[in-house]
Structure formats: C-alpha cells, structure tokens
2 protein chains.
Amino acid sequence: MGARDVRPVTSVDVAKRAGVSQSAVSRAFSRMASIAPGTREKILRAAAELGYRPNRIPAIMLSGRSGMVGVVVGGLSNPFYVSALEHLVGALRDQGLQVLLVHVDDALTLDSALDQLLGYRIDAVVTALAIGSAAVARALGALRIPVICFNSRLTGPWISTVSSDNRAAGVVAARLLAERGVVRPVWLAGPLRNVASVARGDGFRAGLGALAGDLVSLRGDDTYESGYDAVSGMLTRGVRPDGMFCSNDMMACGAIDALRERGGLLCPEDVVLLGYDNIPQGAWRAYDLTTFDQGVERLVEAACGILAEALTDGAGPVSQNPVIEALLVERGSSGGG
Amino acid sequence: MGARDVRPVTSVDVAKRAGVSQSAVSRAFSRMASIAPGTREKILRAAAELGYRPNRIPAIMLSGRSGMVGVVVGGLSNPFYVSALEHLVGALRDQGLQVLLVHVDDALTLDSALDQLLGYRIDAVVTALAIGSAAVARALGALRIPVICFNSRLTGPWISTVSSDNRAAGVVAARLLAERGVVRPVWLAGPLRNVASVARGDGFRAGLGALAGDLVSLRGDDTYESGYDAVSGMLTRGVRPDGMFCSNDMMACGAIDALRERGGLLCPEDVVLLGYDNIPQGAWRAYDLTTFDQGVERLVEAACGILAEALTDGAGPVSQNPVIEALLVERGSSGGG
DNA sequence: GATAAAATTGCATAGCTATGCAATCAAAGG
DNA sequence: CCTTTGATTGCATAGCTATGCAATTTTATC
C-alpha cells in the first residue's frame, strides 16, 4: 500500500458526492466564477469531507503559466542575501507566486539550473547573481521570460535590474571620512566581477577628491576571512590607515578584527571604518559597524513591481533599472551613533 | 505582442521538423527509452534549432508526482538554518528534486502555506520548524505525504525527524566546564517550544552532577539580542558566572558581548563559554567561540536518505528518527583551540 | 537466403481542470 | 399568465507528454 497507490481525490469525486457537475466544483473554488451561494457551500462541504484539494497542474498546462518564479541564489553565506531572499519570498507570495529555489555553486552552472526550471514552465527568474552568460540571457529572452537581477549590469529586452545607488554611497562614504579628518584612507574592494563593488569604489574615489592620490586599495572576495587577511597583509606592509571603506559588512568585520589583533588599532579611535549592507552582525556590540542600508524592502518592492508588470497579460518586453538610495546607518565604528 | 501570445514549442513541432513521431521526440529526451542513436541525434538537433524544452507539467499530471519538495523555513536569521537550507537544496537537486520554498512568519500560518503547496502536488515536505499543529500532520499523513523535520518531536506514520544528539552534547558541555574548574555555571536556554534547546539543557543539568544545584538558568529566544539582554540582566542582579553553556551560537555571541561590556568579564579568562550550532560568525576573531557542530551535511544526508526511501514506488509509510552526534569544536572561548 | 530475435518506431490514449457556449431555471415586469 | 432578463448549471473540449501495444525494420543465427 504505497504512497502512489492511493488515487488522489479529484473534482469529479467531489462532484459526484455533492450531486453536481465537475464544472460546478471548479467554479466553487474560483473566486470570480458565477455560482449560487448554496451550491458553493454544498460543494465545499463535500470537498472537505473527501479531503479534496484543487489541483493546479492542469491549469498550468492550459494557461502555460505556472505561478512559479525561479529564484537563483549564490552565496547565502552573506546574510544580506539571506535577508533579501526572505523578503522576496514573502513579497512573491503576496502576489500569489510560488518560489522555485535554485542554489548555484561552482559545481553547477546556471545554465543547467535554468534548464531544469524551464521544464516547470516558470513565469520569471529572479536572481542575485550576476548572470554572466549572455547566452543564458538571450535564451531566456527568446522564451519571453522576464529576468530580474539585483545589482547586476546585464541588459536586454526582458531583463531588469534593481540596484542600490552604489556610486552615490561611495561618495557619501568619502565625505564622511573627510569630515572626520581622515588623511590615509583605504578602500577594501570586493572581487572585480562584483559590479556593485566596483561602483562603490568609483564613488569613493570620486568623493575623496584630492585625497584620492593617497588612496590604498585592497581586494577581498566579500568574505570575512578575506577582509581579515587583506588588512593583515596591509599592516604587515607597514600601512597604517586612519579611515577605511569596505565594500561589504562581512569584510568590514574581518577588517575590524585584523586592525585590532594585528595592528592594535581600534575603531573609531584609530580608524574610522564603514561597511555596506547593514547585516545584523554589524550591529553586534563587538563590531558596532557604521554601514549603508540598501533597503531590502524597497529593493524587493521594486523587483516585484517590475515582475507584476512583466507578467501582465499582453505586456511587451519589460526592462527597467530602478536605483534605490542607500541610507547611512551611523554606529560606533565611525565615531557616530 | 505579449509574453503569452507566443505559443511555446511543443514536442509535436519538433517531431514535424525532424520528420518523426511525437513519441520519438519524447523518447529522445528520456534516458532509458529505446531509440536509435541516429534518430535521437536528429531529434536533438531539431529541438535545439527550435529552442524546444521538454515540458514536465503533463508528466506530473500523469504520474501524480511533481518532483518538487516543499521546504518550509522559519527564521532564516539564524545562519545555522541558512546553511542547512543551502545543503538541503543541493542534496535534493542531486536526487532530481526541486525545492518549492515557503517562508512562514507570523502573518502566514503553516496550514495556509501547505494548502498552497498541495495544489502543486508536492511529493514531500521538509521543514526546520516544529510543526505544532497535529491537524496539519494528520492532514499530510492522510494524503500520504512524507514529512521530514529537523530537531522536532512530532511523530506519525509519515513523519520523520532528524536530530543532533542534543542531550549528549549537553552532557559533554557540562563535563568540559567541570574539567576547566567551573563552579558557578549558567545555562542560557532558548524558548520552551524549542525541543532541541530543552534537550540540551537536560543533558547539561545531568552532566553537571552535584554542581547542578548551583546552576543559574536564563532564558532567551535564540537571538543575539536576547542573549545580550539575558546576560546583562544577570550581571545586574549580581550573578557573576565562571562558566556558561548557551543553547545556540547567536545567543552565545550576545552573551560574550554582554559579559565584556556590562561585567568586564572576558572569555575564557573569567568565563568558560560554549555555544551550539557552529555558525560562521562564531569563528570570527571577536568571538572565537567554542561550540558544537551539528554536522549539517550528515543531518541533510540522513534527511535525504529517508526521503528517497519514502518516495520509492510502492513504499509504505516511512517514519525514522535518526540522531546525529554533535561534535565539539574547541576554540578560544573555552580556553582551548 | 530464411527464420528468429531484437531493436526501433508509430498509434492511440490517459491524466484533471478551466472555460466557452448552450441550456435551464428563477425572478421581474406587464 | 406570458415574456424578458439575468443568474446558474452542465456539456464538451483543450492542453502536452509518456507509455503500452502493435507494427515495422534491423540484426543475428543457421
């Protein structure tokens, strides 16, 4: 007596029990359908008795729309992306959309993941990854599948990107350090393929003005360890900064720990330090990190707005690229808060 | 010219182009099907030219199995659960299963979430939440849908639970503190509904032996802030421990910060402190936390093994409750490492 | 070269719901 | 009581693939 030997209850079963037609059952479960209140109630009762649950699969076949969105995530080790995912799932649910989650790591190319998803006739793709492959983008475009990215650079008729204003935040960071009297600034960048990080660095350099000539640039890979290592190396080389801007909060935490342990430097007394993302750990007392809040809620809201538009019947290709202002959250590491 | 005006390419289209029957196309995309290599190649070429992608939806209708597993998560603010999710998604993918993700918070009850999922004919449910509602459990059981929980207490013919050996770890924690000469131990518990936390506390108390009489118990809600607040309150009341076991790492980090900031107490010099979960942040230098590693890989592996068995054709109800040993990871907060 | 065996291919169908259309029924107006 | 209008219901079908079965072709064996 295995799981699959039990034929699930169908609308026909319910119809038989309620003494109505199958279409009446279908209508009883549809909001806008025309059906007499009494009939509906009778059907719902019969359905409850039998444990009937409307099957969405046939409707998907007819409409070609599954109500599912493929969400592709990469490094969930960064709490910022976790938070974004959390909000995204909730927001999509509010639009009646389900989330088909794919986790992409080195072993699995994005292409293969999407191949899988396309078999399920997903309505759209949302991703925090930079979709590197133009081929993938083109393929999705050909299938008329809207793609929404976070902080990417990709463009195309069916591709949208929501970003925080990385460059502007970089400028603000530079101004803040200047205000605090910083004269030996350091920029701790993320990996080159991270477009957002590059923009933050550009803004920072631009905002420094004359000071930019003395700027020391370090590179990490967006992890805590890489921040710790980059700063350790810098201290070993004898560089002792009095201000730092880190491309994300995890690296910033690593930087703070390295400054203290390897250089005896404290924030903000010796180094005015800023991060980016406003992850929960940045607020932990050991770090008390001043940072930029990307406004996950607003990013997600924008993404869902675009999605709703793109999924409207009869809509053409939708391609938008809203930019959300990142807000400075001042805490101890900059001497504020 | 909207997205839905473009009829997707079907197997019939491919068949026409390749000059074969529709069934041949179906077989070309099936691994075990009998088809001549030449024919398959011809079909695959035609499929590539047309951009055909096999549609899984009709197969779901026929088989009643969607190849999708509903994964229900709660607080992703705990990196441990994020890590578990990450591994789970990968492991399920290796079994050819897709993940339909649901995030449950106050606004959304588990019942309503599952209601949604059942319309998609999910094959199973995996959750890190304690499914409180026996009604839900019964409903899923009636539908012959396997449910796999992490660290729960729920039982039933179709319900399995994988846990780490919380009680044993508690005992180990107590022994370690005793070894280190602790005489004023403190237990920082999670919320009462957290079965795992209760088991850890029981084990800890049992392992303390005679010392248990002097045990001070605090309660948090598994967040950093609650750990910080609980310990702050304790210090205010004049309690100054020399050893602590915290029900999870986030609370442990909060505890460390409170001990230092509010009591001037350092780990391990003044307080030998242990956590549970081995989250990445525990390894950050500011905390250097000794903790128990639940072995996410092994937990997930066990879960997927059960799942595979439960989804085997003709299998009856599967209910297993494996317990995985948690391994002590010694770092600085206990004076080890 | 003939027969047996195996491999390949095509035909026809099941699977379950939503929906257009026609039919039926009830209510309202004269 | 009859007609008109609107509400409700049933009928029939589309949607696309996987698969059992039969037909056909190829290969193997003697």
Side-chain angles (χ1 to χ4, degrees), chain A residues 4-44 46-47 50-67 96 116 118-123 143 313, chain B residues 4-44 46-47 50-67 96 118-122 143 313:
Chain A
R4 306 309 149 193
D5 306 340
V6 187
R7 205 178 52 79
V9 183
T10 72
S11 58
V12 177
D13 299 328
V14 177
K16 207 170 295 171
R17 178 165 191 123
V20 296
S21 71
Q22 178 272 326
S23 27
V25 176
S26 173
R27 289 189 174 100
F29 282 92
S30 167
R31 247 171 204 294
M32 312 156 304
S34 132
I35 187 164
T39 311
R40 161 171 276 154
E41 199 181 336
K42 186 171 55 181
I43 292 173
L44 291 183
L50 293 174
Y52 169 73
R53 211 160 289 283
N55 184 353
R56 293 209 51 179
I57 303 296
I60 295 175
M61 230 170 77
L62 287 178
S63 69
R65 301 182 64 158
S66 64
Q116 295 262 345
L118 288 174
Y120 284 94
R121 293 294 183 259
I122 49 168
D123 295 340
L143 293 167
D313 282 321
Chain B
R4 306 309 149 190
D5 307 339
V6 187
R7 205 177 51 79
V9 183
T10 72
S11 59
V12 176
D13 300 328
V14 177
K16 206 170 293 174
R17 180 168 190 119
V20 295
S21 71
Q22 178 270 326
S23 27
V25 176
S26 173
R27 290 190 174 101
F29 282 92
S30 167
R31 248 173 202 292
M32 312 154 304
S34 130
I35 188 165
T39 312
R40 160 171 277 155
E41 199 181 337
K42 186 170 56 177
I43 292 173
L44 292 182
L50 293 174
Y52 170 73
R53 209 161 291 284
N55 184 354
R56 293 209 52 180
I57 303 295
I60 295 175
M61 230 170 77
L62 285 179
S63 68
R65 302 182 63 158
S66 64
L118 288 174
Y120 284 94
R121 292 294 181 259
I122 49 168
L143 293 167
D313 281 322

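All chains are named by letter (A, B, ...) in the order of the sequence lines, taking the proteins before the strands, and each is independently numbered beginning at 1. Hydrogens, waters and symmetry mates are skipped; everything else that's a heavy atom, side chains included, is used.
The residue B:Ile35 sits close only to the backbone: its heavy atoms come under 4.0 Å of sugar-phosphate atoms, none of a base. As judged by a 4.0 angstrom heavy-atom cut-off over every strand, A:Val25 is placed among residues making no nucleic acid contact. Note on B:Ser11: only backbone sugar-phosphate atoms sit closer than 4.0 angstrom, heavy atoms only; bases stay farther off. If you check every strand for non-hydrogen atoms under 4.0 Å, A:Ser30 touches nothing.
Counting heavy atoms from C-beta outward, A:Asn55 and A:Thr10 have side chains that stay 4.5 Å or more apart. Counting heavy atoms from C-beta on, the side chains of A:Tyr120 and A:Ile60 never come closer than 4.5 Å. Between B:Arg27 and B:Thr39 the shortest side-chain heavy-atom distance does not fall below 4.5 Å.
The two residues B:Arg121 and A:Arg53 come nearest to each other via the heavy atoms NH2-O, 3.3 Å.
In terms of position along DNA chain D, the nucleotide closest to B:Tyr52 lies nearer the 5' end than the nucleotide closest to the other residue of the pair B:Tyr52 and B:Arg27. Place B:Ser21 and B:Leu62 on DNA chain C by their nearest nucleotides, and B:Ser21 ends up nearer the 5' end.
Note: CZ (B:Arg56) to P (D:dA18) measures 9 Å, nearest angstrom. In this structure, CD1 of B:Ile60 is placed 14 Å from C1' of D:dG15, rounded to the nearest angstrom. Atom CG of A:Leu118 is separated from atom P of D:dT17 by 14 Å (rounded to the nearest Å). Remark: C1' of C:dC16 and CD1 of A:Ile57 are 10 Å apart, rounded to the nearest angstrom. To the nearest angstrom, P of D:dT17 lies 13 Å from CD1 of B:Ile43. For the pair A:Lys16 NZ and C:dC16 C1', the computed distance is 14 Å after rounding to whole Å. At whole-Å resolution of the value, CZ in B:Arg31 and C1' in D:dT19 are 19 Å apart. Atom CD in A:Gln22 sits roughly 11 Å away from atom P in D:dG10 (whole-Å rounding).
Residue B:Thr39 has a polar side-chain atom (N or O) positioned under 4.0 Å from OP1 or OP2 of C:dT9.
Taking 3.5 Å as the limit, the base of D:dC11 and the side chain of A:Ser23 contain a donor-acceptor pair of atoms between them. Counting distance only, with no hydrogens placed and no angle test, the side-chain atoms of B:Arg65 and the base atoms of C:dG15 include no donor-acceptor pair under 3.5 Å.
In the set D:dC16, D:dT9, C:dG10, D:dT9 carries the atom at the smallest distance from any side-chain atom of A:Ala36. Checking C:dT9, D:dA18, D:dT8 against the side-chain heavy atoms of B:Ala59 singles out D:dA18 as nearest. You'll find that the side chain of A:Thr10 is closest to C:dT17, out of D:dT19, C:dT17, D:dC16. Picking from D:dG10, D:dA18, C:dC16 the nucleotide with the shortest atom distance to the side chain of A:Val20 gives D:dG10.
When the options B:Ile35, B:Val20, B:Val12 are evaluated for a side-chain contact (heavy atoms from CB on, under 4.5 Å) with B:Val25, the one that passes is B:Val20.
In A:Lys16, the NZ atom is not crowded: 12 or fewer heavy atoms of neighbouring residues, nucleotides or ligands sit closer than 6.0 Å.
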